[in-house]
Amino acid sequence: MNDNKMHGRVLKKLREERGYKLKDVAGDVISTRTLMRFEADETSISISIFEKLLDNLNINYLDYFTFYLDNTDSETTEFANKLQKLLQSGSSSKLVNECKKELKKKDIDFSKRLTILIYLNNILWDKDKELFEENRILIKDRIDSLDKLGSDEIYGLFILIYSSSKGDYSVEYIERVIEDCFKNIPVRNYLSKYMSAAYCDLLKVALSFLVRAGYYELAEKRCKETLKLFNENPLLINRAAFSKEVVAIMATLYLRQNKEEGVILANKILKYEDIVAEITGDSYYRQVRDVTYEAYCKVNKTGIDIEF
């Protein structure tokens, strides 16, 4: 493992917080001296050795990397924190200027490009299109060049499709995304639960794209296949919530086609969101319910009032 990534120092902190001694973690894998040098970031070790050290710590990869991210301040994290503060202060122009300065640098890493895309999408910035469109293209090119997506690429594609219009993607492209989601959603083990959930989010925006773009027959078919897939995977994280959101997409689909089923589904979704808002007493969920209601009313062409 690369000693410049501070894995040694992070492992030491984790070991101490969990109450393990050097000899406990080193075991018969490596000498305690080598482990001490690794923890001081003075030497590197192979991934296979590192895996055995994690076993001796009784911790899995997911928990380790969560701990790692919480205990390292990367340049990208610092940049994201700066943008978050500007967003909270309402300084959209300053936020955009920070993004511009970063994009003019050479060799920007993918995570930072993705951070810029997320924040610009958040504030709905529609100026300086040439500079920011180049960033979108580079992100899309990176994603399209990979046979297997990581979590950053999945989220990047989520943002790109979520903010796209009909002309941005062909139906064939969206179909490939949906097939990739279907392939990766089934839960295979403890760690795959989290990637499955990421693919569920991506699948939702792909289905919504089909509805927005007017591919109604295909969208209905894919929504029904999605619900079936969710039902077949009881270990899927937030399975009920994901299923509800697909039904919400189907409500919009049917309302756009002037079908009474759309009103029936919309009423069910709104009743559910109303109950959540009432139980939690949280204004955020009331806002979610109200936005959903307005969105349904906007596309409702049935002549039947939506009441919940």
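Numbers here are sequence positions counted from 1. Note that the structure is a prediction, hence the values are computed from the model and not measured.
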Using every non-hydrogen atom in the two residues, find where [X] and [Y] come nearest and quote the distance to one decimal.
X: D152; Y: L114; value: O-CD2, 3.3 Å
X: S165; Y: F209; value: O-CE1, 3.4 Å
X: S196; Y: V187; value: OG-CG2, 3.8 Å
X: L265; Y: A251; value: CB-CB, 3.7 Å
X: L160; Y: L117; value: CD2-CD2, 3.9 Å
X: Y155; Y: I118; value: CE2-CD1, 3.1 Å

All pairs passing side-chain hydrogen bond (donor to acceptor under 3.5 Å, both in side chains) where [range] contributes a residue, at least two apart:
range: residues 293-304; result: N300-T302
range: residues 229-238; result: K228-E232
range: residues 252-264; result: E220-Y254

field: Residues which pass ring pair (Phe, Tyr, Trp, His ring centres under 6.0 Å) with F67, listed by chain and number, not counting sequence neighbours
entry: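 Testing F67 for ring pair (Phe, Tyr, Trp, His ring centres under 6.0 Å), a comparison that skips the adjacent residues, returns none.
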
What about [X] and [Y], same hydrophobic cluster or not, with Ile/Leu/Val/Met/Phe/Trp/Tyr joined at side-chain heavy-atom distances under 4.5 Å?
X: I275; Y: V288; result: no
X: L146; Y: I174; result: yes
X: V299; Y: V291; result: no
X: Y272; Y: L270; result: no

Lys/Arg N to Asp/Glu carboxylate O, [X] vs [Y], below 4.0 Å:
X: D109; Y: R113; value: no
X: K13; Y: E16; value: no
X: R286; Y: E273; value: no
X: R9; Y: E39; value: no
X: E179; Y: R176; value: no

- prompt: Can you tell which of K100, K106, K104, K105 makes a salt bridge (charged side-chain N to carboxylate O under 4.0 Å, His left out) with E102?
  reply: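 Single pass found, and it is K105.
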
message: Over 60° means perpendicular and under 30° means parallel, so tell me whether H7 and Y68 are parallel, tilted or perpendicular.
response: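 Rings of H7 and Y68: parallel, under 30°.
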
So, does [X] use its side chain to make a donor-acceptor pair with the main chain of [Y] at under 3.5 Å?
X: N267; Y: E307; result: yes
X: R37; Y: S44; result: no
X: T280; Y: V276; result: yes
X: S91; Y: K94; result: no

Are any non-hydrogen side-chain atoms of [X] and [Y] less than 4.5 angstrom apart?
X: D144; Y: Y173; result: yes
X: R212; Y: K166; result: no
X: F110; Y: E153; result: yes
X: I306; Y: L255; result: yes

Just wondering, are more than 12 heavy atoms of other shown residues or ligands nearer than 6.0 Å to [atom1] in [X]?
X: Q287; atom1: CD; result: no
X: F182; atom1: CZ; result: yes
X: M195; atom1: CE; result: yes
X: K23; atom1: NZ; result: no
X: K140; atom1: NZ; result: yes

Side-chain donor-acceptor distances from residues 198-207 under 3.5 Å, at least two apart:
{"from": "D201", "atom 1": "OD1", "to": "K204", "atom 2": "NZ", "distance (Å)": "3.0"}
{"from": "K204", "atom 1": "NZ", "to": "E245", "atom 2": "OE1", "distance (Å)": "2.2"}

- request: For D274 and Y285, run side chain to side chain donor-acceptor pair (under 3.5 Å): C-alpha distance rounded to whole Å, both residues' side-chain angles, the deciding distance at 0.1 Å, then the answer.
  value: CA-CA 8 Å; D274 190 49; Y285 292 108; over 6 Å; no

- prompt: Would you say the side chains of Y20 and N58 form a donor-acceptor pair under 3.5 Å?
  reply: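 Yes, side-chain donor-acceptor contact under 3.5 Å.
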
field: Modelled atom types, side-chain donor and acceptor of S163 and R136, under 3.5 Å
entry: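 Yes - a donor-acceptor pair under 3.5 Å links their side chains.
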
- prompt: From F132 CZ over to W125 CH2, what is the distance, rounded to the nearest 0.5 angstrom?
  reply: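 F132 CZ to W125 CH2: 8.0 Å, rounded to 0.5 Å.
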
task: Taking side-chain hydrogen bond (donor to acceptor under 3.5 Å, both in side chains) as the test, write out the residues that go with S48, two or more places apart.
output: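 Once residues adjacent in sequence are excluded, the partners of S48 under the side-chain hydrogen bond (donor to acceptor under 3.5 Å, both in side chains) criterion are S46.
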
